[in-house]
**Q** 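This is the structure, below, for whatever I ask next.
Throughout, protein chains are lettered first and strands after them, A, B, ... in sequence-line order, and every chain is numbered starting at 1.
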2 protein chains.
Amino acid sequence: MNIESFSEEQEYLQKYSIDAFDRPSLATDITIFSIMNEQEQINIRKLQKKALKVLLIKRASFPYKNYWALPGGFCIKGEDVIDTAKRELYEETNIQNAFLQLVGAFGESNRDPRGWIISNAFVALIDGELVNLRASTDAWEACWFSMDIRKNEVERTLSENSMCIVTQYTIFLKNSEKNIEMKIVLQEKKVFQDYHETIQIRIEESDLLAFDHAKIILTAYQFLKESIEKDTKAVFDLLPELFTLSQLQNVLEIILDKALLPANFRRKISEYVVETDQIVKHVGYRPAKLFRRNIRSFYKE
Amino acid sequence: MNIESFSEEQEYLQKYSIDAFDRPSLATDITIFSIMNEQEQINIRKLQKKALKVLLIKRASFPYKNYWALPGGFCIKGEDVIDTAKRELYEETNIQNAFLQLVGAFGESNRDPRGWIISNAFVALIDGELVNLRASTDAWEACWFSMDIRKNEVERTLSENSMCIVTQYTIFLKNSEKNIEMKIVLQEKKVFQDYHETIQIRIEESDLLAFDHAKIILTAYQFLKESIEKDTKAVFDLLPELFTLSQLQNVLEIILDKALLPANFRRKISEYVVETDQIVKHVGYRPAKLFRRNIRSFYKE
DNA sequence: CAAATAGTGTCTTTTAGACAATATTTA
DNA sequence: TAAATATTGTCTAAAAGACACTATTTG
């Protein structure tokens, strides 16, 4: 840039007022998924049942006071969006070091009664057993909800060059200790026309979930499922450093929502794991070897 | 919600001032990729060479006056983020109906000299031949740049439980008619430590590209490549309604950056396409059949 | 007919799926 | 030793890769 245009630019910037246009508040919402034990162990002779869980926080203030919501909060000046997400997540739940991925921008005009608030939604998979959630106080109450999601195709029209699929999703969120159960219903409409695809999600029933968080959770879930379907390796984020192959298989089965045959499963993931010399202890049956990820296999080329 | 808490909430909202906190301006930037003819046909007896292209706009005002930038602009109140992207894209380039996908949120504090401006970046693949770009004026000048990207591993350290890979990307952007060439250099650092991955991209050399758009373009390119590697079907967005299998193969080869064998390629994509009774005309060699997508194969289950 | 691209057939290798069998531990 | 899970071996089917071949059009 030459000198003239530099000073011209300086002048321009001095006159520039960022307040000339309306600005939104920018927030983040984070969907944290984990695969955890369904409940306390009943039979020591049996393997623990596991379930997909999502982390929610009870809102202590308006709007949606006493409703449940995703952790998250507003961007602070000078902070990159993902750093906002990390900070809020830590403040509200005590989770650090999650690998956050952006899954969507939610900006429908009526999504927040306080005004024009746009949310960038992130998702992360973590091993929930490793986290000590912040203790509940009057202001905070974070807890895990088991998540059961059911898909039901409502309508499908197909022609040579267009199609429309309407799917209804029913999500059950449940926390047994607190005896809370929620039923969320959403409708997704996928339209393909003029060689162009559009997807819309509408909340039909939101129960005790605040804002448009039902929509965010569904989007995050679809993101999780697709990323693991396309690349199995993403599943390791859900596991501790050391794990057994059955644990790994179980986690994968829950997300993919289908059973896998041990022999085939083991063959397939063998390159991603390394055997350690450690073994699971105190189980009422043959103990399994502990494995860890094979980092080399992740980053080879 | 009962009556009391409803009126309590109303009261809260009346007192609530959205101006209590600093807010960012929210912008969108859209990376449009296309696979187009490299230049005018020279030899009618030969197939046209094609290349990956990206759409840029010359900035007519400060900041970065006379630099090239991605199409995009600021969110208007009441508008969802993706609608901003669609509107700006149409206004600046005349493109409609692109399938936009969110690829990242860019909010580094120094990314825009005007102040705190966060950008949600979208990517779309289109068939550039179908678009009549808005004619250039004093204010607008949109044009396609061929994009050549080179990857070079600078450093790799691997241990049992951590790793660091530094990769340098050099991007050449070129428009022959206007005789513009740009060379962009970026460095990507991938670190895996404590069972947790982080990725950072730094611009080393940005040439005539405005803002942090070099970073956005690289991110969008990686997104494009990965989505097509994971699911071939995404490639159809880059093609017109009717296409030959060689065109399809060529497009795929450019993105995946590797050669494919015709027989195997055809077998693999056969379920996604339907033969039409039309044929390519005016070519100096055996004309190819024209195909279109098989929508049924996209949405079967 | 030569050049150039379009399109097919088939063999081999790799990967995925199914299923049966064996191994190890503890109540 | 019975119950429960861990682990391995092998057959089969499907998908991916390699390569040679034939077909069609136009200058």
Side-chain angles (χ1 to χ4, degrees), chain A residues 37 41-50 228-233 239 242-253 256-292 297 300, chain B residues 37-38 41-50 228-233 239 242-254 256-292 297 300:
Chain A
N37 292 336
Q41 192 141 9
I42 301 164
N43 183 348
I44 195 176
R45 297 297 296 271
K46 287 211 171 192
L47 199 62
Q48 277 270 40
K49 274 261 175 295
K50 302 216 168 209
I228 291 183
E229 275 167 356
K230 286 178 181 165
D231 186 0
T232 308
K233 296 198 291 295
L239 289 165
L242 298 178
F243 48 83
T244 71
L245 296 187
S246 306
Q247 273 167 20
L248 179 54
Q249 182 179 342
N250 189 219
V251 166
L252 210 48
E253 285 177 330
L256 302 181
D257 198 24
K258 67 173 179 189
L260 304 170
L261 292 170
N264 304 338
F265 164 76
R266 277 156 186 267
R267 189 175 49 209
K268 187 167 172 170
I269 52 89
S270 60
E271 60 167 322
Y272 303 130
V273 297
V274 180
E275 196 177 314
T276 69
D277 52 6
Q278 295 180 66
I279 267 187
V280 162
K281 293 195 177 73
H282 309 300
V283 283
Y285 42 81
R286 175 176 175 181
K289 285 182 201 145
L290 285 165
F291 290 74
R292 56 178 181 72
S297 74
K300 68 158 182 249
Chain B
N37 292 335
E38 184 63 295
Q41 191 142 10
I42 300 165
N43 183 347
I44 194 176
R45 296 297 297 271
K46 288 211 171 190
L47 199 62
Q48 277 269 42
K49 273 261 175 299
K50 301 214 169 211
I228 290 184
E229 275 167 356
K230 287 178 182 166
D231 186 1
T232 308
K233 297 197 291 294
L239 289 165
L242 297 178
F243 47 83
T244 70
L245 296 187
S246 305
Q247 274 167 21
L248 179 53
Q249 182 179 341
N250 188 219
V251 165
L252 210 48
E253 285 177 330
I254 288 169
L256 302 181
D257 199 23
K258 69 172 179 191
L260 304 170
L261 292 170
N264 303 337
F265 164 75
R266 277 157 186 266
R267 189 176 48 211
K268 187 168 172 169
I269 53 86
S270 60
E271 61 167 321
Y272 303 131
V273 297
V274 179
E275 197 178 314
T276 69
D277 52 6
Q278 295 180 65
I279 268 188
V280 161
K281 292 195 177 73
H282 309 300
V283 284
Y285 42 81
R286 174 175 176 182
K289 285 182 199 145
L290 285 165
F291 290 74
R292 57 178 181 71
S297 75
K300 67 157 181 249

**Q** Would you find a donor on one side and an acceptor on the other, under 3.5 Å apart, between the side chain of A/Glu271 and the backbone of A/Ser297?
**A**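 Absent.
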**Q** Should A/Ser246 be listed as having a side-chain N or O under 4.0 Å from OP1 or OP2 of D/dT5?
**A** no
**Q** Looking at A/Lys233, I'd like to know if its NZ atom is crowded, meaning that more than 12 non-hydrogen atoms belonging to other residues, nucleotides or ligands lie closer than 6.0 Å.
**A** yes
**Q** Specify the separation, in whole Å, of atom NZ of A/Lys289 and atom C1' of C/dA23.
**A**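 Rounded to whole Å, this separation is 11 Å.
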**Q** Measuring from A/Thr244:OG1 to A/Leu239:CG, what's the distance to the nearest 0.5 Å?
**A**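 The CG atom of A/Leu239 is 8.5 Å from OG1 of A/Thr244, to the nearest 0.5 Å.
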**Q** Quickly work out the A/Phe243 CZ to D/dA6 P distance and round it to whole Å.
**A**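 To the nearest whole Å, that distance equals 14 Å.
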**Q** Closest to the B/Arg45 side chain: D/dA6, C/dT25, D/dT26?
**A**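 Looking only at side-chain atoms, B/Arg45 lies closest to D/dT26.
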**Q** Need to verify one output field. Residue with the more 5' nearest nucleotide on DNA chain C, B/Phe291 or A/Pro287?
**A** B/Phe291
**Q** A/Val273 versus A/Leu248: any side-chain heavy-atom pair under 4.5 Å?
**A**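 A/Val273 vs A/Leu248: side chains touch.
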**Q** Rounded to whole Å, how long is the line connecting atom CD of B/Gln247 with atom P of C/dA4?
**A**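 After rounding, the gap between these two atoms is 19 Å.
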**Q** Roughly, in whole Å, what's the span from NZ in A/Lys46 to C1' in C/dA27?
**A** 15 Å
**Q** What nucleotide among D/dC19, D/dG27, D/dA4 has an atom nearest to a side-chain atom of B/Leu261?
**A** D/dC19
**Q** Quick one: the side chain of B/Arg286 and the base of C/dA4, do they pair up donor-acceptor inside 3.5 Å?
**A**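 Donor-acceptor pair under 3.5 Å: no.
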**Q** Have a look at A/Thr244 and say if it touches a base, only the backbone sugar-phosphate, or nothing, with a 4.0 Å heavy-atom cut-off.
**A**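 Since no nucleic acid heavy atom lies under 4.0 Å of A/Thr244, the category is nothing.
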**Q** What nucleotide among D/dT8, D/dT25, D/dA4 has an atom nearest to a side-chain atom of B/Tyr285?
**A** D/dT25
**Q** Which nucleotide, C/dA16, C/dT25, C/dA18, lies nearest any side-chain atom of A/Lys268?
**A**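 Nearest listed nucleotide: C/dA16.
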**Q** Would you say A/Lys230 has more than 12 foreign heavy atoms packed within less than 6.0 Å of its NZ?
**A** yes
**Q** For A/Lys281 and C/dT26, give me the distance from atom NZ to atom P, rounded to whole Å.
**A**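 Whole-Å distance recorded here is 11 Å.
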**Q** Which whole-number value in Å describes the distance from B/Asn264 CG to C/dT15 P?
**A**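 After rounding, the gap between these two atoms is 15 Å.
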**Q** Do the side chain of B/Arg267 and the base of D/dG17 come within less than 3.5 angstrom through a donor-acceptor pair of N or O atoms?
**A**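 Pair found.
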**Q** Mind checking B/Pro262 for me? I need base, sugar-phosphate or nothing, with any heavy atom below 4.0 Å counting as a touch.
**A**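 No contact at all - B/Pro262 keeps every heavy atom at 4.0 Å or more from the nucleic acid.
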**Q** Without decimals, in angstroms, what is the distance between B/Phe265 CZ and D/dA18 C1'?
**A** 17 Å
**Q** In whole angstrom, what separates A/Ile279's CD1 from C/dT24's P?
**A** 11 Å
**Q** Just to be sure I understand the rule, does A/Ala263 reach a base, reach only the sugar-phosphate, or reach nothing, if contact means heavy atoms closer than 4.0 Å?
**A** base
